[in-house]
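I have placed the structure first, in the form of structure tokens, so that the comments after it can refer back to it.
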Amino acid sequence: MTTHPGCTPTHAGASAARAGSVPARCGLGLKPEHFGSILETLPDLGFFEIHAENYMIDGGPFHHYLTQIRSHYALSIHGVGLSIGGESPLDENHLDRVAALIARYEPQSFSEHLAWSSHDGIFFNDLLPAPYNAATLRRVCDHIDRIQARLGRSMLLENPATYVEFGSSTLAEAEFIGEVVKRTGCGLLLDVNNVYVSCTNHGRDPHAFVAALPLAATRQIHLAGFAQDVDSAGAPLLIDSHGSPIANAVWELYRFTMERTGPQPTLIERDNDIPGFPVLLAEAQQAEMLLRTCETAFAA
């Protein structure tokens, strides 16, 4: 990992926290298991990310530690509950709670998924796919317009990991995302692991998928590990588990992606089987080295 001359991790992090955007460096998902290690060592990382729904309370230890960490690092807030792809109207109470959290911590970015997780007041503990057609496109754009108006900022939309597709889809996923970006002005959170998982599951070329996305709108990248299984026909089935190290094929696709987007803020996600902090920091250092290589290539 590159260390900037003359900057201790504390100064580098504090500077990033005051900046207006997430720095083009590597960050980690913030986990309670690592609060102490982070504050004791102030590792040289670009940012941390939290899931909004874990912090939708007024007080408690999560806010105690996040307030301290936020003073040293840039912050990204990632939502998992707005159900942007759902048929029902947005839950305005949930959106108000997201808005309150953003006002409290003033993160450099806010993102959500191109998926749905609630219907008729029932919440499903999963991020479910939607058909890519004109009706879904109108609905998703309306939802994003409402979110951006309520928050007073642009949001990032994350491409999903999918395991099934709809016969009623009339647009390819990359085309659909491109239309959403064009109509709403939102940015793209390009989850490289989700690309690899979905393309493997549906028998498509992940490199071609990345190339078809609106890459100029990319503002952040996610990396994670997947689990391997087989479907009922014996074909490979990948699960976006966030519970293992990043696969070599995903690292390669990440390099391919940055060759087209330039250096981007990159998050290492680990939500299951969470290892000790040094293990995640080592993955972050690997991503940081690729970022610096890409940065040098773009500067040449």
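Between the CG atom of Leu290 and the OG1 atom of Thr257 there is a distance of 11.5 Å, given to the nearest 0.5 Å. His113 contributes atom NE2, which lies 7.0 Å from atom CG of Asn194 (distance to the nearest 0.5 angstrom). In this structure, the separation between CG on Leu66 and OH on Tyr105 is 4.0 Å, given to the nearest 0.5 Å.
Glu165 has a carboxylate O that lies under 4.0 Å from a charged side-chain N of Arg204, or vice versa, which qualifies the two as a salt bridge. Using a cut-off of 4.0 Å between Lys/Arg side-chain N and Asp/Glu carboxylate O, Asp145 and Arg183 are scored as not salt-bridged. Taking the charged nitrogens against the carboxylate oxygens, Lys182 and Glu179 do have a contact shorter than 4.0 Å, which makes a salt bridge. Under the 4.0 Å criterion applied to side-chain N and carboxylate O atoms, Glu288 and Arg292 are assigned as salt-bridge partners.
A donor-acceptor pair is defined here as one N or O able to donate and one able to accept, closer than 3.5 Å; no such pair exists between the side chain of Arg150 and the backbone of Val98. Thr41 contributes a side-chain N or O that, together with a main-chain N or O of Ser37, makes up a donor-acceptor pair within less than 3.5 Å. The closest donor-acceptor contact from the side chain of Arg97 to the backbone of Met56 lies under 3.5 Å. Of the possible donor and acceptor atoms, none in the side chain of Arg153 sits under 3.5 Å from a partner among the backbone N and O of Gln148. A donor-acceptor pair under 3.5 Å links the side-chain atoms of Thr136 to the main chain of Pro131, judged by distance alone. Remark: side-chain polar atoms of Arg104 are paired, donor with acceptor, to backbone N or O of Asp58 under 3.5 angstrom. Panel note: side chain Asn159, backbone Asp191; a donor-acceptor pair is recorded below 3.5 Å. At distances below 3.5 Å, not a single donor-acceptor pair connects side-chain atoms of Ser76 with backbone N or O atoms of Glu49. Distance alone, capped at 3.5 Å, places no donor-acceptor pair between the Thr296 side chain and the Cys294 backbone. Judged by distance alone, with hydrogens and angles left aside, the side-chain atoms of Glu53 form a donor-acceptor pair with the main-chain N or O of Gly81 at under 3.5 Å.
The shortest distance between side-chain heavy atoms of His63 and Leu101 falls below 4.5 Å. Using a 4.5 Å cut-off on side-chain heavy atoms (C-beta onward), Arg270 and Pro275 make contact. Proximity of Ile177 to Leu114: side-chain heavy atoms (C-beta onward) are separated by under 4.5 Å at one or more points.
Taking each heavy atom of Cys199 and Pro206 in turn, the nearest pair found is SG-CA, 3.6 Å.
Side-chain N/O atoms of His78 and Glu112 include no donor and acceptor closer than 3.5 Å. Looking only at atom types and distance, the side chain of Asn201 has no donor-acceptor partner in the side chain of Ser198 under 3.5 Å away. Remark: the Glu158 side chain and the Gln220 side chain contain no N/O donor-acceptor pair separated by less than 3.5 Å.
Counting heavy-atom neighbours within 6.0 Å of Gln228 CD, excluding the residue itself, gives a total of 12 or less. Counting non-hydrogen atoms of other residues, nucleotides and ligands closer than 6.0 Å to CG of Asp273 gives a total of 12 or fewer.
Among residues two or more places apart in sequence or in another chain, the salt bridge (Lys or Arg N to Asp or Glu O under 4.0 Å) test is passed with Glu175 by none.
For residues 263-300, the pairs satisfying ring pair (Phe, Tyr, Trp, His ring centres under 6.0 Å) are His34-Phe277, with sequence neighbours left out. Here ring pair (Phe, Tyr, Trp, His ring centres under 6.0 Å) pairs that include residues 239-272, with residues two or more places apart or in two chains, are His207-Phe256.
Both Leu281 and Tyr73 are assigned to one and the same hydrophobic cluster, defined by single-linkage of ILVMFWY side chains at heavy-atom distances under 4.5 Å. Taken together through direct or relayed side-chain contacts under 4.5 Å among Ile, Leu, Val, Met, Phe, Trp and Tyr, Phe35 and Leu280 form part of one hydrophobic cluster.
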Between Thr261 and Thr218, does a side-chain hydrogen bond (donor to acceptor under 3.5 Å, both in side chains) hold up when you go through it step by step? CA-CA 7 Å; Thr261 64; Thr218 306; 5.6 Å; no
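Taking the six-membered ring for Trp and the full ring otherwise, the centers of Phe226 and Tyr196 sit less than 6.0 Å from each other.
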